[in-house]
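Okay, structure first, notes after.
Naming convention: chains lettered A, B, ... in sequence-line order (proteins, then strands); numbering from 1 in each chain. Since the structure is predicted, the reported quantities are computational estimates derived from the model, not experimental observations.
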There are 2 protein chains.
Amino acid sequence: MAVSVRDVAAAASVSVGTVSNVLNRPDKVSPATVERVHAAIQELGFVRNDAARQLRAGRSRSIGLVVLDVRNPFFTDVARGAEDRAAEDGMTILLGNSDENADREGSYLDLFEEQRVRGVLITPLTDDLPRLERLQGRGTPVVLVDREAADRRFSSVAVDDVVGGELAVRHLAEVGRRRIAFVGGPMAIRQVTDRLEGARRAVAATPGMTIEVVETESLTVLAGRAAGAGIRERVASDRPDAIFAANDLLAMGVLQALMMQGTVRVPEDIALIGYDDIDFASAAVVPLSSIRQPAALIGYTAVDLLLKEAGEAEDGGRERERVIFQPELVVRGSTVADSASSPP
Amino acid sequence: MAVSVRDVAAAASVSVGTVSNVLNRPDKVSPATVERVHAAIQELGFVRNDAARQLRAGRSRSIGLVVLDVRNPFFTDVARGAEDRAAEDGMTILLGNSDENADREGSYLDLFEEQRVRGVLITPLTDDLPRLERLQGRGTPVVLVDREAADRRFSSVAVDDVVGGELAVRHLAEVGRRRIAFVGGPMAIRQVTDRLEGARRAVAATPGMTIEVVETESLTVLAGRAAGAGIRERVASDRPDAIFAANDLLAMGVLQALMMQGTVRVPEDIALIGYDDIDFASAAVVPLSSIRQPAALIGYTAVDLLLKEAGEAEDGGRERERVIFQPELVVRGSTVADSASSPP
DNA sequence: GTTGAGGAATGAATCGTTTCAGCAATCCCG
DNA sequence: CGGGATTGCTGAAACGATTCATTCCTCAAC
């Protein structure tokens, strides 16, 4: 049934070695032969068997990527960037979605290791990293994504979330807000706590500013809606005058809940800022101010580091690298009333 | 460096065959031996090489899925459903994103075929299907997703887009609208033309109703915003009193553009309905009426058909199947002013 | 004590590709 | 025109897991 190099070789009256050369080093083969072999391939409908190639090569040409939530556009953007960089070297991204669930995270890691991926990019669920260390110890490079490596055990690509949180709340201060609510959770996720810490710094730097924390169970639109509803239902004097949401999904949920029945005006009564600057943020009816992270660039860079490390692994001289990007404030209508809508 | 079954066998003082049996048919091996082998595996940190397994087995344990746009939540939901069904049989989904680009679509198909995937699920770009036929002819079953197979050459899982379009516009008629604009494109995409056709049917069935078509370049928020801006800028008497957008991404763009500067009220001045019922639709500040498609179920069913077909292929008796789901109208605030917000 | 049945373990063959040492033919140059 | 270099091609070995015909043991039955 399946057509193999052997069949092609027979059909073109050459050896299997030559067929392989035509496929991989056509310049080493005479033009006439190349043509004959190609004709045979065409005629028989030969398709390389990647499993055999991989077996021979000892490793695959793919890279595993485990994200917290594929439904979050931030992560699909990261994936896109990773894919672009991978494609430059003829490699492929395998996308795994841990869904904030440790078991799923684990089974993707197992799968990727059995596939002998070139390396793993991961936004780990918790700070419990021994599993990743073992993986790396067995020869699969690991790069942490959107999470700074605490020490030199892993390479990492991240955005400074503390600075991002600070930016967000400093902006709220500048537009005159003083009673801040931070909406986010669970606190086990590092990004959440870092952003909160940044927020607290900005609060500390502004006389008269206060912050309360409204913890959520996840980083989704639904969780945001619940948190927002809670705030809307308070008596007006108890409400904050600004909300900093740990990501845009939450912020959009909060926004919807606040505006329900016209109780609360955004930004007049409550200013709102999110995090990630996903596409939907600018598309919201009150366009969302947010903290932009270079999502695609993060993915791109992560693959870059990975390939570099994988290359050097052979020489034994493994160099761990940490790349940190700076986040950027994007001001839109949800914090500044008359702000023109964003340009294209 | 790499630990193989041979090493494990040596460490446990058994043959390689026994190691394999421990891994795949532990009941055929005495308990004491099983334990010894497991100990050796643990100690050496042995991890199966999937490439070797695949090579031997002749096919992989994954299924390729090619979608038009990963950034569209509809497709991530399809992927999720597919993944669930695949997991039931211990299989994996490889996700490819054609991005409405024929070259990318093609390279994913090549890749998947080289990987000897169990089959391919695809939302094809155009109606030009010979390539898929060749693929299928070479032994890789193909299931069309969200696209009805014109004939019996392929299995398919789809939602009746004509009925969906009809539902949407009939609803607009029922809430008293008569001057409809259809926003969508490009017209090469089947889903778009089918939904338009359904819309036209509803229009034809309603005395005094008219429809105009505002064509877009893609099915994205950005394209929707452009189309919406065009409509907003018309003199009020030239504006439609209802808009049917070909998908929710477009609808959200349209919504944002319409409401800019308070020019147009939704739904009072213009009612708006989208398609897909993505999560963001209900989270929009004016919650979007939409046509719900069972996205996850589509993915689930597609894998189901694929596995069935792949199983039967061995007996030669290939059965092509077509499954068609019915879409469902979801009414929210963007078409009915006082409609309560959706329940959880 | 012999036979047979059945459980447990063996190890060579296999999957399809790539690699590489080696062979043959051709070419260049003194 | 002989010797070294170059070019084009060959075919066996290797990658690592699985399979399966075969061997080895034990124990029960007669």
Side-chain angles (χ1 to χ4, degrees), chain A residues 1-38 40-41 44-61 90 110-111 113-118 138-140, chain B residues 1-38 40-41 44-61 90 110-111 113-118 138-140:
Chain A
M1 177 84 241
V3 181
S4 79
V5 273
R6 224 168 298 277
D7 302 317
V8 173
S13 319
V14 294
S15 73
V16 292
T18 299
V19 175
S20 178
N21 281 333
V22 168
L23 259 21
N24 302 301
R25 295 180 219 75
D27 50 308
K28 296 280 169 203
V29 182
S30 75
T33 309
V34 169
E35 186 155 352
R36 256 201 353 271
V37 171
H38 273 141
I41 288 176
L44 299 176
F46 166 77
V47 176
R48 266 148 120 135
N49 184 323
D50 199 55
R53 300 185 76 190
Q54 277 188 208
L55 173 56
R56 186 66 238 259
R59 56 190 179 162
S60 83
R61 285 172 5 268
D110 286 345
L111 182 69
E113 192 174 8
E114 290 190 358
Q115 308 243 40
R116 297 293 189 272
V117 295
R118 212 56 146 264
R138 277 189 237 106
T140 305
Chain B
M1 178 85 241
V3 182
S4 81
V5 274
R6 226 167 297 277
D7 302 316
V8 173
S13 320
V14 296
S15 71
V16 292
T18 300
V19 175
S20 177
N21 280 333
V22 169
L23 258 22
N24 302 300
R25 295 179 219 73
D27 49 308
K28 295 283 170 201
V29 182
S30 76
T33 308
V34 169
E35 186 154 352
R36 252 197 1 267
V37 171
H38 273 143
I41 288 176
L44 300 178
F46 166 77
V47 176
R48 269 149 120 135
N49 183 322
D50 200 54
R53 300 185 75 191
Q54 277 188 207
L55 173 58
R56 187 68 239 261
R59 56 189 180 165
S60 82
R61 282 165 15 264
D110 286 346
L111 181 69
E113 192 174 9
E114 290 191 358
Q115 307 242 41
R116 298 292 190 271
V117 294
R118 215 52 151 266
R138 278 189 236 107
T140 305

So [X], base contact, sugar-phosphate only, or nothing? Heavy-atom distance under 4.0 Å.
| X | value |
| --- | --- |
| A/Val29 | sugar-phosphate |
| A/Arg116 | nothing |
| A/Gly17 | base |
| B/Val19 | nothing |
| A/Arg6 | base |

Go nucleotide by nucleotide along DNA chain C from the 5' end; which of B/Ala52 and B/Ser30 gets its closest nucleotide reached first?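 Result: B/Ser30.
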
Tell me: [atom1] of [X] to [atom2] of [N], nearest whole Å?
| X | N | atom1 | atom2 | answer |
| --- | --- | --- | --- | --- |
| B/Asp7 | D/dG16 | CG | P | 8 Å |
| A/Asn49 | D/dG16 | CG | P | 17 Å |
| B/Asn21 | D/dT18 | CG | P | 10 Å |
| A/Leu55 | D/dG16 | CG | C1' | 5 Å |
| A/Leu44 | C/dG16 | CG | C1' | 15 Å |
| A/Lys28 | C/dC20 | NZ | C1' | 13 Å |
| B/Ile41 | D/dA17 | CD1 | C1' | 12 Å |
| B/Asp50 | D/dA17 | CG | P | 11 Å |

Choosing from [options], which nucleotide comes nearest the side chain of [X]?
| X | options | result |
| --- | --- | --- |
| B/Arg56 | C/dT18, C/dT10, C/dT14 | C/dT14 |
| B/Ser4 | D/dG16, C/dT17, D/dT18 | D/dG16 |
| A/Val16 | D/dG11, C/dG16, D/dT18 | D/dG11 |

Does the A/Arg116 side chain pair with the main chain of B/Arg48, one donor and one acceptor, at a distance under 3.5 Å?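 Indeed, once roles are kept as given, a pair shorter than 3.5 Å links the two residues.
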
When you match B/Asn24 and A/Arg36 each to their closest nucleotide on DNA chain D, which lands nearer the 5' end?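 Result: A/Arg36.
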
Distance test, side-chain N/O of A/Arg53 to OP1/OP2 of D/dC15, below 4.0 Å: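 Answer no for this pair, as no side-chain N or O of A/Arg53 is under 4.0 Å from OP1 or OP2.
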
If only side-chain N and O atoms of B/Thr18 are considered, is one of them under 4.0 Å from the OP1 or OP2 phosphate oxygen of C/dA8?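 No, no such contact exists.
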
Atom OG of B/Ser30 and atom CZ of B/Arg36: how far apart are they, to the nearest 0.5 Å?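 Separation between the atoms: 7.5 Å.
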
Please indicate whether B/Glu35 has more than 12 foreign heavy atoms, meaning atoms of other residues, nucleotides or ligands, lying under 6.0 Å from its CD.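 Atom CD in B/Glu35 is not crowded, with 12 or fewer foreign heavy atoms closer than 6.0 Å.
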
For side-chain contact (heavy atoms from CB on, under 4.5 Å), just list the numbers for B/Asp50 and B/Arg61, CA-CA rounded to whole Å, side-chain angles, deciding distance to a tenth of an Å, and then say yes or no. CA-CA 10 Å; B/Asp50 200 54; B/Arg61 282 165 15 264; 3.0 Å; yes

Do you know which of A/Ile41, A/Val22, A/Asn49, A/Val19 makes side-chain contact (heavy atoms from CB on, under 4.5 Å) with A/Val5?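 Running side-chain contact (heavy atoms from CB on, under 4.5 Å) over A/Ile41, A/Val22, A/Asn49, A/Val19 with A/Val5 returns exactly one hit, A/Val19.
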
